[in-house]
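A quick write-up on the structure given underneath.
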Amino acid sequence: MRPDPSSWPVIPEGDYLLGTDDQEGFPSDAEGPARRVRVKSFRMSPYAVTNADFTAFVDSTGYVTDAEKFGWSYVFHLLIADPGKVAIVGSPQQTPWWHGVEGACWKTPEGPGSGIADRMNHPVVHVSWNDAKAYCEWAGVRLPTEIEWETAARGGLEGKRYPWGDVLRPNGEHRCNIWQGVFPTKNHASDGYLGTAPVDAYQPNGYGLYNVSGNVWEWCADWFTRDPARRGSAERPEGPAEGEARVLKGGSYLCHHSYCNRYRVAARSGNTPDSSTGNMGFRVAADL
């Protein structure tokens, strides 16, 4: 079944303060300087696209993801139940905790023998930007631009680190699914999850959006740039006209303050459009 955007939260038109000058930011990612951007009203899905949603798309179209075409995708090492029973094609030198696992894809997230039957309300993972775009074309929706994504993720708050404010755990309460422990060897999972969480876990932000911090990275429409002057603006909301990588926002269950505190709303990253990992997903937007 295709999604029905008519019930999704409406993000109001207005001038929003996006980006950050926060010292916790990553200047090399062009998070700053903070700037005001005029954003037109649109609708944003309250949830990331789920395994159930993506199953409906594949059942309807027979679509084959990039990970399935390549024959493998990256799986975080602690999520592989028995490394001796899967074929590992290699690991990136700079991030050796990622293992390229043969057969890992959206329906077998940890490789052969794994499945999603008990995770249908979790975000679909191992989807590339190309896969997300194909889903949007079938569903009659679109990927949000980066400025739309960040505007929606802030939930009506201005200049805050997180969708709920500046304190990561208000009154000791977990508000998102990120790494708890010593990265990348020990995750205490005190927030309740070692891997992905259901898309409706934790409290929503002020606009009714769930899990815009942590859980899974979410693809945006834009090409990624490290030039602050080329980021999305009122004049060019979609960002640069070309590039090598697409924007990802929100961080994931692997983010930790010691290594990658990119679960802040201003944080950003990028990856090539055919890339997929066990912590990449997406949510969608629609025009009014």
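Computed from a prediction, not measured in an experiment: that's the story for all the values here.
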What's the spacing between [X] [atom1] and [Y] [atom2] if we round to 0.5 Å?
X      : Y      : atom1 : atom2 : value
Glu110 : Asp82  : CD    : CG    : 13.0 Å
Met280 : Trp129 : CE    : CH2   : 14.0 Å
Asn215 : Cys176 : CG    : SG    : 9.0 Å
Asn205 : Met44  : CG    : CE    : 9.5 Å
His77  : His99  : NE2   : NE2   : 6.5 Å
Leu254 : Trp98  : CG    : CH2   : 5.0 Å

Inset, instruction - Identify the residue among Tyr253, Phe76, Trp97 that makes a ring pair (Phe, Tyr, Trp, His ring centres under 6.0 Å) with Trp179. - result: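 The option that passes is Phe76.
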
Inset, instruction - Among Tyr135, Trp149, Tyr47, find the residue that satisfies the ring pair (Phe, Tyr, Trp, His ring centres under 6.0 Å) test when tested with Phe282. - result: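 So the option named by the test is Tyr135.
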
Shared ILVMFWY cluster between [X] and [Y], side chains joined below 4.5 angstrom?
X      : Y      : value
Val127 : Ile116 : yes
Val124 : Val141 : yes
Val125 : Leu78  : no
Phe183 : Leu194 : yes
Leu79  : Val216 : no

Considering only NZ, NE, NH1 and NH2 on the basic side and carboxylate oxygens on the acidic side, decide whether [X] and [Y] come within less than 4.0 Å.
X      : Y      : result
Arg161 : Asp166 : no
Arg38  : Glu13  : yes
Glu158 : Arg154 : no
Asp191 : Arg175 : no
Arg264 : Glu150 : no
Glu218 : Arg283 : yes
Glu146 : Arg236 : no

Considering all heavy atoms, the nearest [X]-[Y] contact:
X      : Y      : answer
Pro273 : Trp223 : CG-CZ3, 4.0 Å
Ala104 : Ala67  : O-CB, 4.0 Å
Val10  : Ser41  : CG1-OG, 3.4 Å
Gly111 : Val101 : CA-CG1, 4.0 Å
Ala152 : Leu209 : CB-CD2, 3.6 Å
Trp217 : Cys260 : CZ2-SG, 4.3 Å

Inset, instruction - Evaluate the criterion side-chain contact (heavy atoms from CB on, under 4.5 Å) for residue pair Tyr207 and Ile11; output intermediate values, then yes/no. - result: CA-CA 7 Å; Tyr207 289 145; Ile11 312 304; 3.7 Å; yes

Are any non-hydrogen side-chain atoms of [X] and [Y] less than 4.5 angstrom apart?
X      : Y      : answer
Tyr16  : Arg36  : no
Ile80  : Val86  : yes
Tyr162 : Val265 : no
Thr225 : Arg231 : yes
His122 : Thr50  : no
Cys136 : Leu143 : yes
Arg43  : Leu288 : yes
Ile147 : Arg35  : yes

Side chains of [X] and [Y] only: does a donor on one sit below 3.5 Å from an acceptor on the other?
X      : Y      : answer
His126 : Ser276 : no
His256 : Ser258 : yes
Asp274 : Asn130 : no
Glu148 : Thr151 : no

Using modelled atom types and a 3.5 Å cut-off, is there a donor and acceptor pairing between side-chain atoms of [X] and backbone atoms of [Y]?
X      : Y      : answer
Asn177 : Gly195 : yes
Arg268 : Asp29  : yes
Arg226 : Ser28  : yes
Lys249 : Ala267 : yes
Ser45  : Ala285 : no
Thr61  : Phe57  : yes
Asp222 : Phe224 : no
Glu68  : Thr65  : yes

Inset, instruction - Decide yes or no on side chain to side chain donor-acceptor pair (under 3.5 Å) for Asn261 and Glu24, but give the supporting numbers first. - result: CA-CA 8 Å; Asn261 68 334; Glu24 283 200 7; 3.2 Å; yes

Inset, instruction - Determine, step by step, whether Trp106 and Val58 satisfy the side-chain contact (heavy atoms from CB on, under 4.5 Å) criterion, reporting the C-alpha distance in whole Å, the side-chain angles of both residues, the deciding distance to 0.1 Å, and the verdict. - result: CA-CA 11 Å; Trp106 71 275; Val58 171; 3.7 Å; yes

Inset, instruction - Count the heavy atoms of every other residue, nucleotide or ligand shown that sit under 6.0 Å from NZ of Lys69, and state whether that count exceeds 12. - result: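 Above 12, so yes.
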
Legend entry - Within 6.0 angstrom of Glu244 CD, more than 12 heavy atoms from elsewhere: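 No, CD of Glu244 has 12 or fewer neighbouring heavy atoms, counting only those of other groups under 6.0 Å.
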
Inset, instruction - Compute both the distance and the angle, then confirm whether Arg246 meets the cation-pi test with Trp219: under 6.0 Å from the six-membered ring centre, within 45 degrees of the axis. - result: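 No.
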
Inset, instruction - Starting from the C-alpha separation in whole Å, work towards a yes-or-no answer on side-chain contact (heavy atoms from CB on, under 4.5 Å) for Gln180 and Ile178. - result: CA-CA 6 Å; Gln180 309 291 325; Ile178 57 177; 3.5 Å; yes

Legend entry - Evaluation steps, side-chain contact (heavy atoms from CB on, under 4.5 Å), between Tyr202 and His174: CA-CA 8 Å; Tyr202 309 103; His174 290 289; 4.2 Å; yes

Inset, instruction - List the steps and the verdict of salt bridge (Lys or Arg N to Asp or Glu O under 4.0 Å) for Arg142 and Asp287. - result: CA-CA 9 Å; Arg142 61 180 176 81; Asp287 296 321; 3.0 Å; yes

